[in-house]
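Everything on this sheet refers to the single structure shown next.
Here the structure is a predicted model, which means the values were calculated and not measured.
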Amino acid sequence: MTVQLPPPIAAYFAADANKDGHVVAHCFTDDAVVKDEGKTHSGKDAIRDWKAQSSTTYRYTVEPFAIATDGARTVVTSHLEGDFPGSPLDLRYFFTLDGDKIAALEITP
């Protein structure tokens, strides 16, 4: 099933699929915050490093299959499969957008 994602979110998932931390970071505002696996990553440099680390530590694929809103946030539920503990699993990505960039992202099981 293909879901219609807002352009900044579609750009994030495309960059993630290519395992490119620099391109992923470009999807975010300068002062964006990402919360994932109990850690907070603030700013583009930290976001780039977070994505570069996770992309080299694990091999995985992500397939968004549902989209909803939660207040000002866009929630994308995605199926992940790979060589990480607990695979496969579904995760929820809570995006806060600021124009054509992502201002915040929280990833939860």
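Contact check on Asp70 versus Arg73 returns a salt bridge, with a Lys/Arg side-chain nitrogen under 4.0 Å from an Asp/Glu carboxylate oxygen.
Residues Pro6 and Ile67 are in side-chain contact: their nearest non-hydrogen atoms beyond the backbone lie under 4.5 Å apart. The shortest side-chain heavy-atom distance between Val75 and Thr69 does not fall under the 4.5 Å cut-off. A heavy-atom distance below 4.5 Å is not found between the side chains of Tyr93 and Ile9. With contacts defined as side-chain heavy-atom distances shorter than 4.5 Å, the pair Val33/Ser42 qualifies. At a threshold of 4.5 Å between non-hydrogen side-chain atoms, the residues Thr77 and Pro64 do not count as touching.
Atoms OG and NE2, on Ser87 and His79 in that order, are 7.0 Å from each other to the nearest 0.5 Å. The structure places CG of Asp49 at 14.0 Å from NZ of Lys44, a figure rounded to the nearest 0.5 Å. Here the CD-OG1 distance, from Glu106 to Thr40, works out to 8.5 Å after rounding to the nearest 0.5 Å. The distance from the CZ atom of Phe13 to the CD atom of Glu63 is 9.5 Å, given to the nearest 0.5 Å. Atom CG of Leu91 sits about 8.0 Å away from atom CG of Asp36, to the nearest 0.5 Å. To the nearest 0.5 Å, atoms OG1 (Thr108) and NZ (Lys35) are separated by 11.5 Å.
The two atoms that bring Ser78 and Phe65 nearest to each other are C-CE2, 3.7 Å, heavy atoms only. In plain terms, the two heavy atoms of Ala103 and Thr29 that are nearest each other are CA-OG1, 3.7 Å.
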side-chain contact (heavy atoms from CB on, under 4.5 Å) evaluation trace for Tyr60 with Asp16: CA-CA 10 Å; Tyr60 60 90; Asp16 185 40; 2.6 Å; yes

Check the pair Tyr12, Leu105 against side-chain contact (heavy atoms from CB on, under 4.5 Å), reporting the backbone distance first and the verdict last. CA-CA 11 Å; Tyr12 167 83; Leu105 169 60; 3.8 Å; yes

Chi angles and distances behind the side-chain contact (heavy atoms from CB on, under 4.5 Å) call for His26, Arg48: CA-CA 8 Å; His26 184 70; Arg48 180 196 64 233; over 6 Å; no

Stepwise, does the side-chain contact (heavy atoms from CB on, under 4.5 Å) test hold for Leu97 with Ile102? CA-CA 5 Å; Leu97 302 180; Ile102 300 165; 3.9 Å; yes

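A donor-acceptor pair under 3.5 Å is formed between the side chain of Asp83 and the backbone N or O of Arg59.
Under the 4.5 Å side-chain heavy-atom criterion for Ile, Leu, Val, Met, Phe, Trp and Tyr, Phe94 and Ile47 are members of distinct hydrophobic clusters. Note: the hydrophobic cluster containing Val34 does not contain Val23 (ILVMFWY, side chain heavy atoms under 4.5 Å, direct or indirect links).
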